[in-house]
Number of protein chains: 2
Amino acid sequence: MAEPASLAPKQLGAYFALMEAVSLLQHEVEKQLRAEGDLSWIQFQLLARLADSDGRLTMTELADGVVYSRSGLTYQAGLLEKAGLITRGPSPDDERATLVTITEAGAALVARVLPGHVEVARSLLFDPLSDTDVDRLGDLMTRIRGHMRALPPRSAAPRKRRTP
Amino acid sequence: MAEPASLAPKQLGAYFALMEAVSLLQHEVEKQLRAEGDLSWIQFQLLARLADSDGRLTMTELADGVVYSRSGLTYQAGLLEKAGLITRGPSPDDERATLVTITEAGAALVARVLPGHVEVARSLLFDPLSDTDVDRLGDLMTRIRGHMRALPPRSAAPRKRRTP
DNA sequence: GTCATGTGCTTCGAACTCGAAGCATCTGCC
DNA sequence: GGCAGATGCTTCGAGTTCGAAGCACATGAC
């Protein structure tokens with residue numbers, strides 16, 4: 001390649017390994033979710049997030065952290081609603097907001113696909129790792145995620161995150 | 001969520017942190033590549049791979065590791081060719097194969113966007129890490145990637161990888 | 001040589017994603 | 001109260017992705 005451009009080869013290696021490994025993992029995860037529950041990774045994330053939060057999130061809260069565009073979320077929510085996994089209704093507090101609720105069917109589906117999902121993650125991601133490795137990976141990625149979340153948007157998102 | 005299903009919470013946390021961090025990183029990387037070179041992450045990967053390999057790879061070799069479907073690769077190669085960044089020609093050895101070569105313009109483009117690309121990776125990914133952390137991350141992800149690559153396809157890819 | 005099967009790539013249709021534009025509501029300032 | 005700008009969500013169009021089907025060549029058995 002042209003030049004290292006101030007990133008040590010070790011770092012470049014780590015970077016590419018990270019990206020490729022996650023890409024492979026995501027691919028396998030999608031396959032499992034599609035096969036067992038006819039869900040995409042995003043749909044699963046949305047349902048899981050709802051299941052965690054007792055249902056009742058606004059669209060924006062739901063999107064937060066799932067990085068997706070608003071329109072994409074609308075689309076996915078439409079699919080999930082049509083499939084009977086979630087419900088959308090107006091918020092009593094804010095007429096503009098849409099409150100999303102997970103249905104019983106939705107919760108049941110999450111519960112059904114979760115074991116297989118976890119199994120894929122275990123066999124692909126954690127199999128070659130020791131307990132210490134898992135700790136380190138968790139620590140590293142948590143720190144990195146925190147760092148990224150805290151960053152000022154790089155020139156983007158004119159309307160993305162509420163500044164609290 | 002329903003149940004941990006035999007994955008320790010620590011592992012689940014590591015898993016989700018990993019997925020989210022990479023998702024964020026990829027998003028930013030795409031933005032930079034789009035802004036500075038009008039490239040997608042896949043296109044950049046393809047060009048970088050070609051630049052590394054003295055050009056001259058078959059479509060399948062090029063796709064290998066970039067996980068994409070063959071048709072997607074055909075599509076992307078079409079775009080890159082139209083943009084004058086690569087050339088496609090028949091292979092002398094195998095009439096079926098298409099040999100892909102990177103052009104000067106393609107190599108120049110990679111060289112042009114690389115510094116910015118590296119800078120994004122540095123500031124998002126490596127900024128909160130010490131040298132030791134980088135070593136560990138590289139080690140972990142390299143092992144994980146190796147593990148995943150070696151796996152038997154889980155029921156998929158009837159025609160995906162040559163078995164050497 | 002010839003036929004069956006495997007492999008390399010492309011074409012096709014359907015599904016998904018994003019950003020820009022649009023509509024409705026909310027908030028703050030006057 | 002009323003108006004300007006911000007915010008929440010949706011619609012729309014263009015671009016991208018994938019899997020299945022299809023075509024062309026290669027390889028091995030006979």
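So that the names make sense, note that chain A is the first sequence line, chain B the second, and so on, each numbered from 1. For the numbers below, each heavy atom of this structure counts, side chains included, while hydrogens, waters and symmetry mates do not.
The aromatic rings of W41(A) and H117(A) lie parallel to each other, with less than 30° between the two planes, well short of the 60° mark.
Remark: C1' of dT10(D) and CG of L73(A) are 11 Å apart, rounded to the nearest angstrom. Going from atom CE of M59(B) over to atom C1' of dC25(D) covers 16 Å, rounded to whole Å. Atom-to-atom, CD of Q26(A) to P of dT17(D) comes out at 14 Å; the value is rounded to the nearest Å. Here dT16(D) presents its C1' atom at 18 Å from CH2 of W41(B), a figure rounded to the nearest Å. For D94(A) and dT25(C), the CG to P distance is 10 Å, given to the nearest whole Å. Straight-line distance from the CG atom of D93(A) to the P atom of dA24(C): 22 Å, rounded to whole Å. If you take CG of L33(B) and C1' of dC18(C), they are 17 Å apart, rounded to a whole angstrom. Rounded to whole Å, atom C1' of dA20(D) lies 19 Å from atom OH of Y75(B).
Comparing A97(B) and R96(A), the nucleotide of DNA chain C nearest to each residue sits closer to the 5' end for A97(B).
Counting any heavy atom pair closer than 4.0 Å across all strands shown, L79(B) reaches sugar-phosphate atoms only and no base atom. Residue contacts shown for I42(B) are limited to sugar-phosphate atoms, with no base heavy atom under 4.0 Å away. Among the protein residues, T98(B) comes within range of the sugar-phosphate backbone only, with heavy atoms under 4.0 Å from sugar or phosphate atoms but none that close to a base. Contact annotation for S91(B): no contact, since no heavy-atom pair falls under 4.0 Å across all strands. No contact: L62(A) has no heavy atom under 4.0 Å from any strand. Residue S71(A) is in base contact, counting any heavy-atom pair closer than 4.0 Å across all strands shown. Across all strands shown, T58(B) has heavy atoms under 4.0 Å from sugar-phosphate atoms exclusively, and none from any base.
Each of V118(A), V134(A), L125(A) was checked for a side chain to side chain contact (heavy atoms under 4.5 Å, CB included) with Y15(B), and the lone residue meeting it is L125(A).
Between the CZ atom in R136(A) and the CG atom in L129(A) there is a gap of 11.0 Å [rounded to 0.5 Å].
Checking the phosphate oxygens (OP1, OP2) of dC16(C), no side-chain nitrogen or oxygen of Q43(A) falls inside 4.0 Å. Contact check, T60(A) against dC9(D): a side-chain N or O comes under 4.0 Å of OP1 or OP2. For R88(A) and dC9(D), the shortest distance from a side-chain N or O to OP1 or OP2 is not below 4.0 Å.
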task: Applying side chain to side chain donor-acceptor pair (under 3.5 Å), run through S130(B) and D133(B) and close with a yes or a no.
output: CA-CA 5 Å; S130(B) 70; D133(B) 290 335; 3.1 Å; yes
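When every heavy atom of M148(A) is checked against every heavy atom of L124(B), the shortest pair comes out as CE-O, 3.7 Å.
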